Number of protein chains: 2
Amino acid sequence: MKRLTLEEIGQIAGVSRSTVSRVINDHPNIRPAVRQRVEDVIRQTGYQPNSAARSLASSQSRVFGLVMPSILQSAFADPYYPLVIQAISHACNQHDYTPGLFLFQTPEEEEKVSQRIVASGLIDGLIITADTINSTFVSKIQQYDIPFVQIGRPPASNAAAISYVDVDNEAGAYLAASHLVQLGYRRIGQLATAHNTAGADRDAGFRHALADRGLEVDEALVKVSDFSEAGGYQAMQTLLSRQPEAVFAQSDAIALGAVRAIRDRGLNVPQDIAVVGFDDMPLAANADPPLTTVRQPINRTGMLAVETLIDIVRTTPEPARHIVLPVELVIRASSGAVN
Amino acid sequence: MKRLTLEEIGQIAGVSRSTVSRVINDHPNIRPAVRQRVEDVIRQTGYQPNSAARSLASSQSRVFGLVMPSILQSAFADPYYPLVIQAISHACNQHDYTPGLFLFQTPEEEEKVSQRIVASGLIDGLIITADTINSTFVSKIQQYDIPFVQIGRPPASNAAAISYVDVDNEAGAYLAASHLVQLGYRRIGQLATAHNTAGADRDAGFRHALADRGLEVDEALVKVSDFSEAGGYQAMQTLLSRQPEAVFAQSDAIALGAVRAIRDRGLNVPQDIAVVGFDDMPLAANADPPLTTVRQPINRTGMLAVETLIDIVRTTPEPARHIVLPVELVIRASSGAVN
DNA sequence: CAAGAATTTGAGAGCGCTCCCATATTCTTG
DNA sequence: CAAGAATATGGGAGCGCTCTCAAATTCTTG
């Protein structure tokens with residue numbers, strides 16, 4: 001079927017191009033009868049405005065870029081990212097935006113593609129998932145005047161100038177660690193991560209919780225992992241010799257790896273070692289044992305990132321928006337509080 | 001920094017708009033000296049052509065839509081999809097296309113968004129990941145003249161007319177099942193899936209393998225699951241009472257769930273029950289025990305889907321392209337062949 | 001019911017490119 | 001080295017919208 005133009009829709013409805021444009025863009029000052037007539041024609045013909053022409057005339061594409069910088073490497077080892085992508089996609093669908101996907105595996109790929117996307121006008125704004133401490137991508141993007149919001153808190157040095165949506169990682173870790181303390185565990189370990197602000201905040205929450213209850217953090221019980229199940233497995237293996245009574249893992253994937261490591265050593269969760277995770281991924285509830293964890297609202301994070309970006313694009317970019325979402329502790333069997 | 005136009009680049013380089021356009025689009029018949037001069041100016045200024053203007057003038061957007069129909073539901077329960085997305089993203093980056101992401105959770109969302117994407121000219125073609133038997137989405141898309149390729153074989157009824165990239169599921173399952181037979185197992189079960197062609201093909205391969213070696217398929221040893229780890233866990237639980245000696249799972253996630261179910265029953269893999277998966281996800285190698293599985297080339301699948309679509313968009317859409325990629329059996333500990 | 005105010009509609013210009021055709025330049029070759 | 005062929009370059013038109021401004025229509029109100 002041939003594609004119609006505004007002009008042709010106008011002809012059919014007996015009005016001008018301009019009037020049809022007004023109807024489509026919800027402008028005021030159209031007689032109701034005319035609006036109705038035009039809307040009918042649009043519906044009957046299935047007309048959709050040509051998006052290239054729209055972008056060119058309005059310099060707005062209604063496309064957002066969803067960026068995962070190369071520094072995240074094989075980002076999908078952590079099931080968190082697919083969920084974020086899903087949430088953002090859904091939010092974009094609701095708001096009639098199209099999410100363009102930009103995953104970078106190497107710095108070269110990042111360099112080549114990012115040049116194109118920032119300068120071609122293809123994209124109205126960027127959603128950047130990067131809470132790594134050193135993000136060359138973000139500092140590069142700041143040089144262009146393209147709006148963006150970050151998912152996850154940027155490093156303190158430039159957090160003020162950057163709009164972001166984050167969850168309250170510190171409060172979540174505080175809840176998790178407090179929970180373990182309250183259950184009577186004393187030798188509490190942590191499977192931490194490095195080079196990312198979420199990890200730093202969770203670490204801080206963990207330490208505050210212990211301190212607030214008069215416990216000292218035994219640095220020998222803190223091991224660094226990446227965000228994957230395999231990383232958790234390895235880190236837990238090294239931690240096992242220190243005989244912790246409980247362990248706070250900075251993600252569910254890490255926690256699951258830890259559980260596996262504990263089992264392989266012939267020990268049981270939570271009888272021998274209690275485990276608490278972070279994220280509340282779908283698989284946390286189905287795990288064996290079901291994982292006590294900190295639930296973070298991934299869907300709301302994605303939705304708010306999109307809505308914040310829309311707001312920035314449509315109104316003034318200043319001042320930067322900072323959103324921090326609350327989290328909650330979900331108590332299941334792995335911490336030994338229930339069975 | 002202000003965005004430059006073709007005209008302005010031409011001015012700086014002392015040539016016309018048209019010549020600059022020719023340089024950018026690699027047209028022949030430009031004197032080397034002139035081309036050089038123009039390229040220098042482009043490089044120095046960091047000029048990028050405005051993509052809206054390009055699309056409008058050429059009616060090509062260089063955007064592909066990556067679609068996961070609503071029928072897949074929470075598609076990301078299976079880690080296969082994130083990997084496919086990653087592969088497609090990478091392939092698009094290489095070929096200077098932008099992948100637009102269209103994940104649909106409900107039929108309403110699908111309806112609303114797909115109308116916009118097929119008719120607005122935003123998109124040059126679609127990559128559809130859907131090997132479900134009943135895809136209303138695909139039949140709807142066929143009514144428009146928008147090029148698309150499917151990942152996974154369409155149902156036989158209209159496979160001839162549809163371009164697709166698939167892996168040789170039947171051969172893979174045949175390899176896996178033959179492997180189990182050769183190891184001496186006789187009571188071989190299958191954790192199958194329903195309503196998708198990949199599952200049907202893997203089922204066929206499984207049955208052929210057994211038949212070719214004179215074994216009958218015991219239907220009581222075939223259980224249906226979805227593609228998730230939790231689904232595999234449940235299906236295996238019901239299968240356990242039938243005391244299989246070995247089981248072929250139609251995906252790695254299912255296989256991992258099965259391993260967990262077997263363990264929970266106090267049995268060991270592979271000593272009591274051997275397990276073979278399908279996909280060779282990254283976690284298969286790290287699993288405990290490492291999973292014998294059928295490796296499918298996800299990166300090549302994504303790459304070929306993109307390249308096939310580019311070919312269809314640029315040349316003639318007829319005839320439909322059918323690509324079936326080979327798979328290989330990866331033998332690890334879970335099948336009992338090695339330790 | 002006329003005159004001014006308010007509302008509604010139409011037409012022109014322009015967004016930055018590509019594509020085609022006309023003109024200018026360079027290359028052949030007798 | 002002239003004349004025709006081949007090659008290289010420039011300019012106009014047009015892609016389908018939006019936005020501004022002017023004109024037409026409708027609404028007020030004395």
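As the structure is a prediction and not an experimental result, all values here were calculated from the model. So you know, we letter chains A, B, ... as the sequences are listed, proteins then strands, and number each from 1.
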Using the side-chain hydrogen bond (donor to acceptor under 3.5 Å, both in side chains) rule, take B:R116 and A:N93 through it: C-alpha gap first, then chi angles, then the decisive distance, then the call. CA-CA 10 Å; B:R116 178 164 57 91; A:N93 284 346; 4.9 Å; no
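At a cut-off of 3.5 Å, with distance as the only test, no side-chain donor of A:Q44 or A:D40 sits close to an acceptor on the other residue.
Straight-line distance from the CG atom of B:N29 to the P atom of D:dA5: 18 Å, rounded to whole Å. Rounded to an integer number of Å, the gap from A:Q11 CD to C:dA11 P is 11 Å.
Using a 4.5 Å heavy-atom cutoff, the side chains of A:L126 and A:P147 are not in contact.
Across all their heavy atoms, B:A91 and B:V306 have their closest contact at CB-CG2, 3.6 Å.
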Could you write out each protein N or O paired with an N or O of nucleotides 13-20 of chain D at a distance under 3.5 Å?
unit_1, atom_1, unit_2, atom_2, d
D:dA13, N6, B:R17, NH1, 3.2
D:dC17, OP1, A:Y47, OH, 2.5
D:dC17, OP1, A:N50, N, 3.4
D:dC17, OP2, A:L6, N, 2.7
D:dC17, O5', A:Y47, OH, 3.3
D:dT18, OP1, A:N25, ND2, 3.1
D:dT18, OP1, A:R54, NE, 3.1
D:dT18, OP2, A:S21, OG, 2.6
D:dT18, O4, A:R17, NH1, 2.4

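In A:R35, the CZ atom is crowded: over 12 heavy atoms of neighbouring residues, nucleotides or ligands sit closer than 6.0 Å.
The aromatic rings of A:F104 and A:F137 lie tilted to each other, with the angle between the two planes from 30° to 60°.
For the ring-ring contact (aromatic ring centres under 6.0 Å, His included) test, residues two or more places apart in sequence or in another chain that qualify with B:H322 are B:Y164.
Put simply, B:R31 has a side-chain N or O that comes within less than 4.0 Å of OP1 or OP2 on D:dT9.
Between its opening and closing five pairs, the helix from C:dC1-D:dG30 to C:dG30-D:dC1 changes axis direction by 30°, a value rounded to 10 degrees.
Screening A:V118, A:I123, A:I162, A:I127 for a side chain to side chain contact (heavy atoms under 4.5 Å, CB included) involving A:F148 leaves a single residue, A:I162.
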